[in-house]
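Taking it in order: structure first as structure tokens, then the write-up.
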Amino acid sequence: MVINLSEQHSLVSNWVSELRDITVQTDRMRFRRNLERIGEIAAYEISKVLPFEEKEIETPMGTAVSKMIKQQPILATILRAGLPLHQGLLNYFDKADNAFVSAYRKHEKDGSFEISIQYLSCPDIDDRVLIISDPMLATGSSLVKTIHELKDEGTPKEIHIVTAIACTVGIEYVKREEPKVTIWCGDIDDELTAKGYIVPGLGDAGDLAFGTKMQG
């Protein structure tokens with residue numbers, strides 16, 4: 001299943017527009033905050049489909065019956081670009097366990113690249129809801145490789161992907177490799193360049209959030 005949050009929330013569409021806007025992108029704090037906001041909306045929407053249980057809560061005036069999430073999800077993100085989006089999810093799922101993966105494009109001299117994973121830290125993910133955040137779903141290669149690495153550590157109950165902008169090519173690749181995954185997007189673009197960048201997209205989310213890097 002694929003959910004385009006811009007079709008449901010005018011605020012998400014507004015924040016995505018600011019993420020794309022080259023006149024706004026120079027404000028790194030605003031860029032990070034907009035990613036964080038999208039993560040918050042995604043967390044709210046995902047919470048609607050998570051199992052809950054009723055619990056009696058003692059108040060100063062009596063007893064209230066409240067609906068509570070049965071089990072907190074595991075929040076995973078791909079370093080470094082995913083951190084603001086991850087923080088938005090963590091703002092709402094504030095008791096969640098967390099996982100971190102360093103997946104990046106290792107570029108070759110001929111312009112090609114491969115996805116390299118050098119670090120993974122995660123709790124026990126067996127029979128848990130896993131939410132993976134990455135601001136750009138371009139080719140889908142890094143997300144699929146991340147999912148495979150995490151699944152080597154255990155078998156999650158279900159997997160959700162949260163991304164600011166996704167490309168249809170990447171969505172189809174993820175769906176072929178992991179058909180049961182649910183993808184929550186801030187917006188969806190149709191074009192992907194030969195170098196694997198989304199068009200119109202927004203550029204390099206990691207660089208815009210944290211500054212430019214030396215190419216690895």
Side-chain angles (χ1 to χ4, degrees), residues 3-47 72-105 107 115 117-122 130-139 142-143 146 160-167 170 183-189 192-193 195-216:
I3 300 95
N4 185 344
L5 294 169
S6 282
E7 294 177 349
Q8 303 176 17
H9 296 272
S10 57
L11 277 175
V12 171
S13 179
N14 194 76
W15 298 330
V16 169
S17 296
E18 290 193 356
L19 289 173
R20 296 183 189 273
D21 191 334
I22 58 173
T23 65
V24 181
Q25 288 180 344
T26 54
D27 187 340
R28 289 183 189 172
M29 186 168 68
R30 188 169 173 183
F31 187 87
R32 292 193 299 269
R33 180 58 184 138
N34 282 333
L35 286 175
E36 188 177 348
R37 286 166 166 168
I38 292 169
E40 290 172 343
I41 293 294
Y44 172 71
E45 292 298 329
I46 292 172
S47 75
Q72 287 285 329
I74 293 173
L75 306 180
T77 196
I78 300 176
L79 302 174
R80 64 180 168 152
L83 288 172
L85 203 55
H86 178 88
Q87 184 61 55
L89 291 159
L90 190 58
N91 289 347
Y92 279 29
F93 294 118
D94 54 300
K95 297 178 182 178
D97 292 324
N98 293 261
F100 299 93
V101 182
S102 70
Y104 72 99
R105 293 180 176 185
H107 291 267
I115 304 301
I117 292 182
Q118 294 188 335
Y119 173 84
L120 184 148
S121 172
C122 73
L130 179 63
I131 304 174
I132 305 172
S133 56
D134 189 13
M136 307 297 285
L137 199 175
T139 65
S142 59
L143 268 171
T146 294
H160 299 265
I161 291 172
V162 176
T163 185
I165 298 179
C167 181
I183 302 173
W184 305 78
C185 311
D187 206 356
I188 299 173
D189 292 344
L192 195 67
T193 70
K195 292 187 176 182
Y197 289 97
I198 302 173
V199 179
L202 54 78
D204 189 308
D207 286 359
L208 291 166
F210 299 110
T212 55
K213 60 187 178 299
M214 292 182 66
Q215 189 64 61

Ile183 side chain reached by Cys185 side chain, heavy atoms, under 4.5 Å: yes
Check: Gly82 main-chain N/O paired with Thr77 side-chain donor or acceptor under 3.5 Å: yes
Smallest separation among heavy atoms of Thr163 and Ile165, with atom names: OG1-O, 3.3 Å
Note: Arg20-Asp189 ion pair, threshold 4.0 Å (strictly below): yes
Pairwise distance CG(Asp21) to CG(Asp27) - rounded to 0.5 angstrom: 11.5 Å
Heavy-atom donor-acceptor pair, Ser13 side chain to Ser10 backbone, under 3.5 Å: no
Approximate separation, where rounding is to 0.5 Å, of Ile74 CD1 and Asn98 CG: 9.0 Å
Atom pair CG (Leu89) and CD1 (Ile46), whose distance is rounded to the nearest 0.5 Å: 6.0 Å
Rounded distance [0.5 Å steps], CH2 in Trp184 versus NE2 in His160: 7.0 Å
Sub-4.5 Å side-chain heavy-atom contact between Leu85 and Asp134: no
Non-hydrogen side-chain atoms of Leu192 and Val199 separated by less than 4.5 Å: no
Close side-chain approach of Leu202 to Met136, heavy-atom, < 4.5 Å: yes
Salt bridge Arg33-Glu40, side-chain N to carboxylate O under 4.0 Å: yes
Validation row: Glu45, Gln8 side chains within 4.5 angstrom (heavy atoms): yes
From OH (Tyr44) to OH (Tyr92), nearest 0.5 Å: 9.0 Å
Over all atoms of both residues, closest heavy-atom pair of Ala96 and Pro73: CB-O, 3.2 Å
Contact summary for Val12 and Gly186, nearest pair of heavy atoms: CG1-O, 3.8 Å
Heavy-atom pair with the smallest gap, counting every atom of Cys122 and Ala99: CB-CB, 3.5 Å
Min side-chain heavy-atom separation Leu5-Val16 under 4.5 Å: no
Residue pair Asn91 / Glu36, side-chain donor-acceptor N/O under 3.5 Å: yes
Presence of salt bridge, Arg80 and Asp207, under 4.0 angstrom: yes
Candidate list Asp187, Val24, Ile38, test side chain to side chain contact (heavy atoms under 4.5 Å, CB included), partner Leu19, passing option: Ile38
Separation of Leu79 CG from His86 NE2 (nearest 0.5 Å): 9.0 Å
Side-chain touch Ile41/Trp15, heavy atoms, less than 4.5 angstrom: yes
Side chains of Phe210 and Arg32 in contact at under 4.5 Å (non-hydrogen atoms): yes
